[in-house]
Amino acid sequence: MSGIAPTATRPAPRGGGGSAQTLTSGPRRGDLVFSGVVRAAAIFLLLLMAAIAGFLVFRATGALNANHANVATYTGQWAPDDTPAKFGIGSLAWGTLVTSVIAIVIAAPVAIGVALFISQYAPRRLAQVLGYIIDLLAAVPSIIYGLWGILFLVPHMQGASQVVGDVLGWIPLFDTNGPLGRSVFTAGVILSIMILPIIAAISREIFLQTPREQVEAAYALGATRWEMIRLAVLPYGRRGVGSAIVLGFGRALGETVAVAMVLSTTYNFVTKWLQSGGNTIAANIALQFGSAFKIGQGALIASGLVLFVVTFLVNLLARRITGRADIPKDERWSLLSVFRPGRRAAAHMESSYDANAADVPDRAGTLEARDEPQEVAADDTAGRARPHRAAHGAVGDSMLVSPSLPRRIRSSLAGGMTVGTFVLALLPLISILWLVVNNGRHAMSPSFLTHSLRNIDDSQFGGGVYHAIIGTLEQSGLATLIAVPIGILVAVYLVEYGRGVLATAVTFFVDVMMGLPSIVAGLFILSMWILGLGQHANGFAGALALTILMLPVVIRSSEEMLKLVPDSLREASYALGVPKWKTITKIVIPTALPGIVTGVMLGVARVMGETAPILLVVGYIQNINVNPFSSDQGQATLPTVIYNTYASPEHASNDRTWAAAFLLIVIIMVLNIIARLIAWWKKPGRA
């Protein structure tokens, strides 16, 4: 084995542990125990996914049996707790599909343009910064998108919808004879902004993996930059980008709070996309759960089961698409590859250069080398054959000048369009940050951070979010304590021991968990922990739901970092007779620790902004509760404060809503920035 760092593909499980003569029963026993622990963690992950599906099916069966309406076609009011029970999921599934399709149609071309601009046009040193800026869109919590959508986007979408209706009103889908604004089209726009960074991040990584030989060959044949992209970069990344789009579609299917805040709820099959109305599965769960009883809860769980199955199939489709693509497996799914050393980006950008070349020949392979025009003329005068040689700026026997004006125009337009897509993607982030900062600063004060909302009504100024800060930190802290050891053990299994069916299954379900809707995690804890085991709705239940969402982030980031530990370190340890379990715990994990910490911080930042599962399994209170295990009251978090105060017509309450949003976004972005700094500081090869 060489001392070169592992490649991006998952290496074969490492062996080691010393020779039989150097091992005693102690080290052998230690290896057996440690390998058993990491395998148990991997099996636990599979059991967790099986439990999610099993409990959802079990809790949904009773409601489906009690339903007296056609669950697929019924469009009446959601009334599962009435006698007789009546509810339909078909219209909700249709609304989910419509909003997600609108989101993909808008987000996919913009995201691809952003990825092309960052990977192919932006200067090398600027590209990484621009990528981080776009990634900040993914760091914005969904509750902030919902707040921005209902208070800023909806009023502006009324005029935009009317313009679209005036132009395309002859198409029934775009009829505007009704109230506008809170429509499935508006929800689709918000979803497109939320999924754009996911598609852009994966597409960017795929484009940067285009073989440099293909890039340089296109330039050598006289291609302009856009022609190089069209002939080399886009064909190479086609399947990978397709997978990114499918994964973005799966993310849109499961979005809850932002859609619930924007839509004007109806239960019919939406046929006019610009008019107010519509609903989705996830949004309906968030809106109806507070008033649901036994059958009603079962009906919501049944709809969540449908959402779980759909997102599972979408992730399976994405995996099959990338399974046929010629890209490393680990690059297909990881959104954390931005924390790897920038060796691929650097190699790609250093090998790409501007070519002042002429037209691309009609047949590939007609040019073998570049000669100066004078050399070609001398060859022609002397009668020397040039079957596969052409001049720089020549094809065949004809002398060509610089690229034609139409080709230069097309290339310039393509470059300008990629810049335009980047600016277009940046506008929502600027708008969100401006609104949050501008509106949130009015209520921000030391007392806002040290007082709760106890005995403070909507019309009163004062009060604060101290109670929500405690809940946010405690629930995310408990989730971290549970998710980190399990996630690291699973990652160790995949890198150091994983083989066969178990490793394949674990890898697949980690990918599935990356796209698991947060509302499904909340429904599982509700059906298993609260309804099944009779536990109370409290902060610990919320931490369990957040653990499910945090686990795949920790596993994937830890796995990536463990792979980057050079094999030479393992080999040196094994050569000294150190058992495998000590090599892993004393050398491999400490070496990868900075990257693991980065992934953990990203996971914490993600779960801090979750709203939907907390609404289901924790509950909201306005006073301080420092005990997340308490059985007689809920526990507030910053997202639930925003969700429970945004609809108030009172100015004082609105100020507190924006201030809570400002505080939440500051905490999450600080965590992301710290994670980026750690990744940069510990990047191999940094001077």
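Here, residue 1 is the first one in the sequence, and each next residue gets the next number. Computed from heavy atoms alone, side chains included, the values below leave out hydrogens, waters and symmetry copies.
- When atom types are taken as modelled, the side chain of Ser161 and the backbone of Leu274 share no donor-acceptor pair closer than 3.5 angstrom.
- Considering CG of Leu300 and CG of Leu616, their distance stands at 8.5 Å, rounded to 0.5 Å.
- Using cut-offs of 30° and 60° for the angle between ring planes, the Phe174 and Trp273 rings count as perpendicular.
- Applying side-chain contact (heavy atoms from CB on, under 4.5 Å) to Met550 and the options Ile486, Ile482, Val600 leaves one that passes, Val600.
- Phe269 and Trp94 have tilted rings, their planes meeting at an angle from 30° to 60° on a 0 to 90° scale.
- The backbone N or O of Val510 sits nowhere less than 3.5 Å from a side-chain atom of Arg556 that would complete a donor-acceptor pair.
- Taking both residues in full, the closest heavy atoms of Ala200 and Val114 are given as CB-CG1, 4.2 Å, listed atom of the first, atom of the second, then distance.
- Put simply, the side chain of Pro613 does not reach to within 4.5 Å of the side chain of Ile525, judged on heavy atoms.
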- request: Give the intermediate values and the outcome of side-chain contact (heavy atoms from CB on, under 4.5 Å) for residues Trp148 and Ser431.
  value: CA-CA 9 Å; Trp148 174 77; Ser431 175; 2.9 Å; yes

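- Applying the 6.0 Å contact sphere to CZ of Phe152 captures more than 12 heavy atoms from other residues, nucleotides or ligands.
- The shortest heavy-atom contact between Ser142 and Val257 is OG-CB, 4.4 Å.
- Nearest approach of Leu551 to Gly487, heavy atoms of both residues: CD2-N, 3.8 Å.
- The backbone N or O of Leu638 sits less than 3.5 Å from a side-chain atom of Thr472, completing a donor-acceptor pair.
- Using a 4.5 Å heavy-atom cutoff, the side chains of Ile530 and Val617 are in contact.
- Judged by distance alone, with hydrogens and angles left aside, the side-chain atoms of Ser91 form a donor-acceptor pair with the main-chain N or O of Tyr267 at under 3.5 Å.
- You'll find the side chain of Ile614 reaches within 4.5 Å of the side chain of Leu546, heavy atoms only.
- Side-chain contact between His467 and Val641 is present, with heavy atoms from C-beta onward closer than 4.5 Å.
- Between the side chain of Gln460 and the backbone N or O of Asp457 there is at least one donor-acceptor pair closer than 3.5 Å.
- Remark: Met157 CE to Phe185 CZ distance equals 4.5 Å, nearest 0.5 Å.
- In this structure the side chain of Leu664 reaches within 4.5 angstrom of the side chain of Pro639, judged on heavy atoms.
- Contact record, Ala85 with Pro80: CB-O, 3.0 Å, taken as the closest heavy-atom pair.
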- request: Evaluate side-chain contact (heavy atoms from CB on, under 4.5 Å) for Gln622 paired with Ile456, printing each intermediate quantity in order.
  value: CA-CA 8 Å; Gln622 291 186 310; Ile456 302 291; over 6 Å; no

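- Pairing each heavy atom of Gly88 with each of Trp78, the nearest pair is O-CZ3, 3.4 Å.
- For the residue pair Thr645 / Ser648, no side-chain donor-acceptor distance below 3.5 Å is found, with atom types taken as modelled.
- Looking at Ser630, its side chain does come within 3.5 Å of a backbone N or O of Asn627 through a donor-acceptor pair.
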- prompt: Are Arg182 and Ile150 close enough, and set up right, to give a side-chain contact (heavy atoms from CB on, under 4.5 Å), and what steps lead you there?
  reply: CA-CA 8 Å; Arg182 301 185 66 176; Ile150 190 62; 3.8 Å; yes

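- Evaluation of the side-chain contact (heavy atoms from CB on, under 4.5 Å) rule for Leu671 yields Met601, Val604, Ala605, Met608, Ile667 as partners, not counting sequence neighbours.
- Other residues, nucleotides and ligands place no more than 12 heavy atoms under 6.0 Å from the OH atom of Tyr466.
- Residues Phe629 and Leu478 are in side-chain contact: their nearest non-hydrogen atoms beyond the backbone lie under 4.5 Å apart.
- Within the 3.5 Å criterion, the main-chain N or O of Gln635 finds no donor-acceptor partner in the side chain of Asn625.
- Distance alone, capped at 3.5 Å, places no donor-acceptor pair between the Thr640 side chain and the Ala636 backbone.
- In this structure, CG on Leu153 lies 12.0 Å from CG on Leu147, to the nearest 0.5 angstrom.
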- request: May I have the step-by-step check of side-chain contact (heavy atoms from CB on, under 4.5 Å) for Ile548 and Leu544, ending in yes or no?
  value: CA-CA 7 Å; Ile548 297 174; Leu544 293 178; over 6 Å; no

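- Every residue meeting the side-chain contact (heavy atoms from CB on, under 4.5 Å) condition with Ala63, not counting sequence neighbours, appears here in chain and number order: Phe87, Ile295, Ala299.
- Counting heavy atoms from C-beta on, the side chains of Leu473 and Ile469 come closer than 4.5 Å.
- Side-chain atoms of Leu97 and Phe249, non-hydrogen and from C-beta on, do get closer than 4.5 Å to each other.
- When atom types are taken as modelled, the side chain of His156 and the backbone of Val154 share no donor-acceptor pair closer than 3.5 angstrom.
- Heavy-atom minimum distance, Ile106 versus Ser192: CG2-OG, 3.7 Å.
- Rounded to the nearest 0.5 angstrom, Met513 CE and Met49 CE are separated by 6.0 Å.
- Remark: Ile555 CD1 to Leu45 CG distance equals 5.0 Å, nearest 0.5 Å.
- Between the side chain of Asn439 and the backbone N or O of Trp658 there is no donor-acceptor pair closer than 3.5 Å.
- A donor-acceptor contact closer than 3.5 angstrom is absent between the side chains of Ser303 and Asn284.
- Atom CG in Asp458 sits 10.0 Å away from atom CG in Asn644 (nearest 0.5 Å).
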